[in-house]
> 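Right, I'll just put the structure down here and ask away after.
Residue numbers begin at 1 in each chain, while the letters A, B, ... track the order of the sequences. For clarity, every value in this text was computed on a predicted model and none was experimentally measured. Atoms considered below: every heavy atom in the structure, side chains included; atoms not considered: hydrogens, waters and symmetry mates.
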Amino acid sequence: MSSAPVRFGVVVFPGSNCDADSYHAISTFTDTSVQYLWHKDTDLKGVQAVILPGGFSYGDYLRCGAIARFSPIMQSVIDFAENGGLVMGICNGFQTLVEAGLLPGGLIRNTGLKFVCRYVNLRVETIATPFTSACQTGELLRIVVKHNEGNYTVDPETFARMQADDQIVLRYVNAAGDQDEGANPNGALDDIAGVCNAARNVFGMMPHPENSVEAGLAGGADGRKLFQSIIDTVLRAAEVTA
Amino acid sequence: MNVRVYVTPKKGILDPQGAAVERSLPNLGFTGVSGVQIGKIIDLTITGDGLTAAAAHEQVDDMCRRLLANPIIEDYTFEISEG
Amino acid sequence: MNVRVYVTPKKGILDPQGAAVERSLPNLGFTGVSGVQIGKIIDLTITGDGLTAAAAHEQVDDMCRRLLANPIIEDYTFEISEG
Amino acid sequence: MSQPATLEAAVTLGLSEDEYAHICKIQGGEPTYVELAIYSLMWSEHCSYKHSRPILGRFPTSGPRILQGPGENAGIIDVGDGWAVAMKVESHNHPSAVEPFQGAATGVGGIVRDIFTMGARPCVSMDSLRFGELSEPRQRFLLDGVVGGIAHYGNCLGIPTIGGEIYFEPSYEGNCLVNAMSAGMIRTDGIVRAIASGVGNHVVLIGSKTGRDGIGGASVLASQEFDETLEEKRPSVQVGDPFTEKKLIEACLELIHRKLVVSMQDLGAAGLTSSSSEMSSKGFVGLDIHADRVPLREADMEPWEIMISESQERMLAIVTDAQIADVREVCERWDLDCTAIGAVTDSKMLRIWWHGERVANIPARRLADESPVIRTPSVKPDYIVDEPVAVDDTGYPPSADLGATLTQLLAAPNIASKRWAWEQYDYIVQANTVQIPGSDAAVLRIKDSQRGIAFSNDCNGRHCYLDPYRGAKAAVAEAARNLACAGALPVAVTDCLNFGNPEKGEIYWQFEQAVEGIAQACEALGTPVVSGNVSFYNESFGQAIYPTPMIGMLGVYDDVGVHIDDAFKAEGDVIVLLGAEAGWMDGSEYQKVAYNKVEGRVPDVDLRLEVELQNRLRAAIEARLLRSAHDCAEGGLAVALAECCIASGSSGGAQFEDPEAPRSGRDGRWLGADVDLGSAAAVAGAAGRPDLALFGEAPTRVIVSVAPELLGPLDEVLGELPHRVLGRVTATNLRCTMEDKELFTVAVGELHSAYESLPQRLA
Ligand SMILES: Nc1ncnc2c1ncn2[C@@H]1O[C@H](COP(=O)(O)OP(=O)(O)O)[C@@H](O)[C@H]1O
Ligand SMILES: [Mg+2]
């Protein structure tokens, strides 16, 4: 495929610390370009997909993502999302999307009350999203989580609607692919690790696929498929319009 | 004006920290404690030319709704006193 | 009895949370806010056969010192009400 | 400023009568109070190294790779392709004993500033911790707080914490040890040193506001023993703000990389005082500091308080007129305070001003260089013995159930997995982690290069107590061996020397002996000491800790792809023991766990054999002949074998050439082993007891596994090095025999449960 590279933007908030990892992860793909988007700016510089990275924006003070959500760049991200733009929030980025109201629910303190960094098995619950289209339904991805507040919660009515609308994208499961209390690192409702909005163009997940893109490293390469999905989606859309 | 905002976990939302404190109290010899819930206090001062009590109230309420509390998981109340 | 414990940063001890929130407020369009300090609030219920107010007071004070507050960097106060 | 600066005031500040007299001589009369406060901190043990300086001169500190040895904020080592590593370790023992969470957190913050102040981007943190026995609730509280504080600070900064060690001994009960190590990557041509220069240049303070934090904090706390006055020292607790530090890292690295500063120095112990006097002294210039321009958190601070405050997250930069606008722009962009507080002068004096009035005027070099040197006459302590213990059936009745002893050892807090701790640390951020915690060494790749680096942390305090010379030497050897097991070449050392009160002859003797041991081992292994820290007065109520000279070592790879870990990989692989030392009872974990004794004489490392073993081992790994390698440390041969089996199912790490390895993670299938120890005399020495063969400890031993078809080539690489086939990798069970007589068979699942039992002890 010899199309123009897919243009990614990685937002940098003060305290973001996986911004460089996301940037690096995207640059390991051949058909991409990537640039940073500074939180005080409002220009998304024509990117086709926005990543809100992990880390501790504003030190996670007050509530994770609560202050970042008011950054000038976020208003542009909200407009972009409302116009169908692809937005992926990883960990702190997920928390910011939830705070901004772009994704349902909330993320509270892990039940263990400790920061937890460990490998988890994620089951892909739906491939009908721009972020998982390169996966198989039910496929297991082994990716690292690292967070203090990853305990996903949502009220029962919204949860029912999310299920009906196929918005649960990733769940924590055991190595056999089954839901299992021991496999849930943070107490998240129904083992939820990642969700999308009803329009399916905004996606948030607690685990860190950007630390799983190179086979030689401890993180393995299972996260690649999520980035590949975004790339495929943008390229397909470009073909359609072409 | 001095403002004290109380932010508490919403009813029905799990409070892992409160639950953990409740679990650990008996080990320290405290019995008969229940319903532990942990929230936040935010103290601040607001000033403004000719700021009325009503205007201050509205401003703080706005700050709470938009920033200091997350209504999906938290409730808030506040007190304003002249100071 | 219903207990509400207030835990706040000790005077003179750095409160990084409060400082960061205060620093960010103007960017969010909230002006005229100063002296932001963030603390904790802990609600709980204690019961006990023939628990007197004095005994409850002592028990809560002990609880604060040993578990709920970190006396090295935090101050605490509490209120007890019948309920 | 009404305080008098009399001898009495000087003694209250911790100075001696002689020191006060010397100060009066330098100052030409009675000093001002601000001057006295400055001298008292700069001449404290913590800042002046007055008891250790002459002894530390014994260390080898240079070599072809060493770009910066001791004396700067961090040592710097060339690791190839234009890259260098800056590294340093720092103790935060006393603050952590007072407030474990904040004490440990600010310890991490401080050591990280030492790294980026030189222009290096911090890329790894390690932590070496010591507590009293876990059965004490206070010790569990300290452990929980310290680990939580390290996690809080390091995770927020986005620096992976990928290694460390935790030990529990009664000697640390009143005085825990928190040693934080940090390293960063830097281009060899981008090093910045903390030297003030350029008369007329601005002195700029960047970062947090100044409060009364730690007034007399780290430096005073670290220069005195703990006693009843502990309570009174509490108000000086410092609270860390990792968010501000993260912004500081980004802003300072940008300033350095864009060449917008002449030089830079972090504010650590003794705050503005030490940073300004060191910068001026090294640059042969003077500095004028206007204390009234320092942004304050508490309005009513006095100049001497401002000068000695240890508020965290602050940096001092020397900036030219042409640079200052850009410096302000960068700081503004990162929402950081940036204030010009003074200027470089040609006076060679450190002058402090307060609203136009001069309140201190000190010759910078004399302040820095004429600090007193004290050598305590050393005395060999009475408890030291020259002979190993006699392992006879009366003093040491042999264990009846060796399998049960093995699980007991695996569950002992000093041996059990520290997963509970390291899972609280982000060990994967920055996308360079090749080997996560749990194996012998931490391994990172260098981006856009084949190269890699590795780190290890080691010190067995019990061995150092029984023989500080041998113990310290063994710590260096073990750190290097851990790197060699991962396939890395050890190249440099940073050390944290934790000891008791140096005014006591016995402690001074321990210190001298340990330094000698480190020096000899570093010479033999070719690993100069590039940086370090001395922490004295680790005593509580007159009781000193075990001497604990913690060694942090850097290793390098030309090709990080050769890296291996400690996990057995495949059934049928041959298990080989490298080295032939017989196990010792003295100072072993077995001695403590099974007999509740700590006594005897620990073995002396044969450095010639050690170097030989490490070279051959690395050659075998580089030739890709080995599937795993693991050092035999606490718990001896049996525990090392058990760890290789346990890791086979729970490594969670990736092998460099095998993308599927992460999948074999926590729920992976166990591999076992079937090994024969051979004749008792060969492995257990004269005592000939199987328990000593299994659990006795000795240096210079490594267990490797190799595919059967590569055994021949391996033999060739190992050559003359003593080595012996022990058995084979099997499934499910660990079975040990001695000349075919069964000693025990235990399911690996059971070994794993014991090994991962630490959380139960903490509940
Ligand atoms: N405090 C800690 N922080 C991070 N990792 C730790 C800590 N304590 C132990 N570990 C890790 O656990 C593993 C085993 O520790 P230890 O038995 O002390 O290692 P070694 O035998 O190599 O000295 C190592 O990978 C070490 O890095
Ligand atoms: Mg070990």
> Need one label for N151(A): side chain, backbone, both or neither, based on atoms under 4.5 Å from any heavy atom in chain B.
side chain
> Does atom CD of Q35(A) have more than 12 heavy-atom neighbours from other groups under 6.0 Å away?
yes
> Does the side chain of L113(A) come within less than 4.5 Å of P16(B)'s, by heavy atoms?
yes
> Among L67(B), L68(B), I73(B), which has the most heavy-atom pairs under 4.5 Å with chain A?
L67(B)
> I need the residue from A69(B), A19(B), G12(B) with the largest number of non-hydrogen atom pairs under 4.5 Å to chain A.
A69(B)
> Working to the nearest 0.5 Å, report the span between NZ of K40(B) and CZ of R63(A).
6.0 Å
> Non-hydrogen atoms of chain A under 4.5 Å away: do they reach the side chain of L14(B), the backbone, both or neither?
both
> Checking L62(A) against chain B: side chain, backbone, both or neither under 4.5 Å from a heavy atom?
both
> At a 4.5 Å cut-off on heavy atoms, which part of I72(B) comes close to chain A: side chain, backbone, both, or neither?
side chain
> Contact part of T111(A) toward chain B, heavy-atom cut-off under 4.5 Å: side chain, backbone, both or neither?
both
